[in-house]
Structures are given as structure tokens and as C-alpha cells.
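So you know, we letter chains A, B, ... as the sequences are listed, proteins then strands, and number each from 1.
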There are 2 protein chains.
Amino acid sequence: MIPKPTDAELEILQVLWKSGSATVREVNEALNKQQGDDSIGYTTTLKFMQIMADKGLLTRDESQRSHIYSASVRENDVQSAFVSKMLNSVFRGSAMQLVVQALGTSKPTNAELKQIRALLDEEIKNNQ
Amino acid sequence: MIPKPTDAELEILQVLWKSGSATVREVNEALNKQQGDDSIGYTTTLKFMQIMADKGLLTRDESQRSHIYSASVRENDVQSAFVSKMLNSVFRGSAMQLVVQALGTSKPTNAELKQIRALLDEEIKNNQ
DNA sequence: ACAATATTACGAAACTATTCGTAGAATGTT
DNA sequence: AACATTCTACGAATAGTTTCGTAATATTGT
């Protein structure tokens, strides 16, 4: 069972999903680059990554002094877990309502909308 | 600004969105009806609803001894807030990815899929 | 009127999430 | 070798979430 990542953990996972693997320092710098307002201390990032390794969210290679971390959960699985939780807790299980909100909240371009429609058409075809 | 409800608060909001308004006892019984395994104490529910009233998530009518509560935030607004947060924290801003996951996680019926497609078509038309 | 019951208010315990300081070990510099 | 820097490990402070016990007050039943 995948432990549900917290907000801070998600930010670290984002970095590692993008880069594949990284040291604590690299992750810390990536986090501070995007959010320049209040910077995150090095040991804060370290602590999180240690906790996440304990939880099984990350694995690490300790053969070098600077441990090298990588995500041990797939982005897709985490996304799926969050979606199903939110479906129950916020949308009463209605995927349609979730889709409506997703389309309303972020204004997708026509190209994206058509991409989604193509996906729907395929889904409908497969269902028949 | 809407304070983001916690998990426990969301469950209470669900009940009130459905019923319109209710007493603490009614909400507590509704919560315990759906989740029969480990029941929630009456004072637990009471405490939450008091906190939520303080935060501005609920309003209450105190003219009777049993106070009558109702939601002071709209379901739609809360859904929208959760979607935009999740878009950033889990989907890197890609609404399309969120839609894909939503369709993959819950298996919608063909009727629902067609409903979504109709919605898309309208959206596309309006965008042009 | 008295006892039983229901309701609110208050406070606090237990747990989780977030943040960082300090110590000690390993590595690099002069 | 001595010093400075970098890294991990550990512990702890703070804040937020969840849960309930107890006390005080109001209502109901006998």
C-alpha cells in the first residue's frame, strides 16, 4: 500500500520524477528555485527525504557520501490515488463532476479539449 | 478567502450540502450510518462543527437549544478550490492529465462519457 | 420538584506535519 | 597536519488535526 504523500512530500516527488534521481542538495536547490519567497532550509529538505525513505516513498543509494535519492512510487500511481480519494471526499464519487470542474478551473486550449475528446471517443468505442 | 476544509470537515460538509441544515446529532448519526466500523463520538462531531463555525465554514441558528447548522460555503466553490490545488500539486498544472486519471480511475458508463463529450463540444464551440 | 437525559462549552491528550538547530563524521583545501 | 566545508543523524519546537472526557446548563419524564 502506497502511503499518501503530504504536500511537502509531493513537491520533493515532483523534483525527483522530473530528474530521475538527485542528492538532497540538488532537490533543495530545485525547491528554492521555483519558490523564491521563503526559502527552505537544507536540513528541512534532508529530514523530509529521510522520512520519505523510511515510509517507502523514496529509495536511496548510500554508496557515496552524498546519498542519491530517487522516487520509489510512480507518478501515475500517486495521481490515481489522489484522484480516487478526491472523488470520494469532494465529489461524492461522480467522475463527471470532477471533469467538469477540471475543465472549468483551468482554461484548456481548444487543442487540448480536442485531445480529450479523442480520448473520450476511444473510451466510448471500447465500452461498446 | 475560503479556508480549506480538512478531511473530517469535508465529511460534515457533505452531510449538510445534502440535507441543507441539521443539528449536531443528525450530522453525527449520518456520519456513523455510512461508516459503521469505528463510530464517531457525539462530542467529536460537536467540536468539529463548533470549529467550523468559527472558521466560517458553517453558520448556526442558536435560537433553539439544539443549534441548527448549515454550510456557509458552496459545494461548487470547495470543489473548485480542491481541483486547482491538486492541479498544481499533483498534475503539474495539466488539466488533461487530471481528466485522463479521472476517467481511468472511475469507470464511467457510456451515457456519462457521452455527457462529458457533449460538454466538451460546447466548450470547444465557445472557444472559437 | 426530582431524576434522568440531552446539549453545549471547555480543555486537553494523542497524533501528524513542518521546520530547523546542533553534533559528529567525512571530505576537501592550504 | 590543521582548518574549513559538506553531509548525515538526531532531537526538538511549533502548528494543525482528530478525538473525547468532564462540567455546566437546559429540557423532559415521573
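When DNA chain D is scanned in the 5' to 3' direction for atoms under 4.0 Å from non-hydrogen atoms of chain B, the outermost contacting nucleotides are dT17(D) to dT27(D).
In this view, R25(A) satisfies the salt bridge (charged side-chain N to carboxylate O under 4.0 Å, His left out) rule with no residue, not counting sequence neighbours. Remark: D77(A) engages R74(A) in a salt bridge (charged side-chain N to carboxylate O under 4.0 Å, His left out) (not counting sequence neighbours). S72(A) meets the side chain to side chain contact (heavy atoms under 4.5 Å, CB included) test with T59(A); sequence neighbours excluded.
Here side chain to side chain donor-acceptor pair (under 3.5 Å) pairs that include residues 78-89 of chain A, with residues two or more places apart or in two chains, are Q79(A)-Q101(B), K85(A)-D7(B).
Applying the side chain to side chain contact (heavy atoms under 4.5 Å, CB included) test between M49(A) and each of V27(A), L57(A), T23(A), N28(A) identifies V27(A) as the sole match.
Using modelled atom types, no side-chain atom of E11(B) and backbone atom of A8(B) make a donor-acceptor pair closer than 3.5 Å.
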Readout for nucleotides 17-30 of chain C: B = base within 4.0 Å of protein heavy atom, S = sugar-phosphate only, - = neither; 5' to 3' it is SSBBBB--BBS---
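Between D121(A) and R117(B) there is a side-chain heavy-atom pair separated by less than 4.5 Å.
Linking ILVMFWY residues whenever their side-chain heavy atoms come closer than 4.5 Å, directly or via other members, places F48(B) and L31(B) in the same cluster.
Between E26(B) atom CD and dT8(C) atom P there is a gap of 11 Å when expressed in whole angstrom units. As a whole-Å value, the separation of Q64(B) CD from dT7(C) C1' is 13 Å.
Contact between the side-chain N/O atoms of R60(B) and the OP1/OP2 oxygens of dA9(C) is found at a separation under 4.0 Å.
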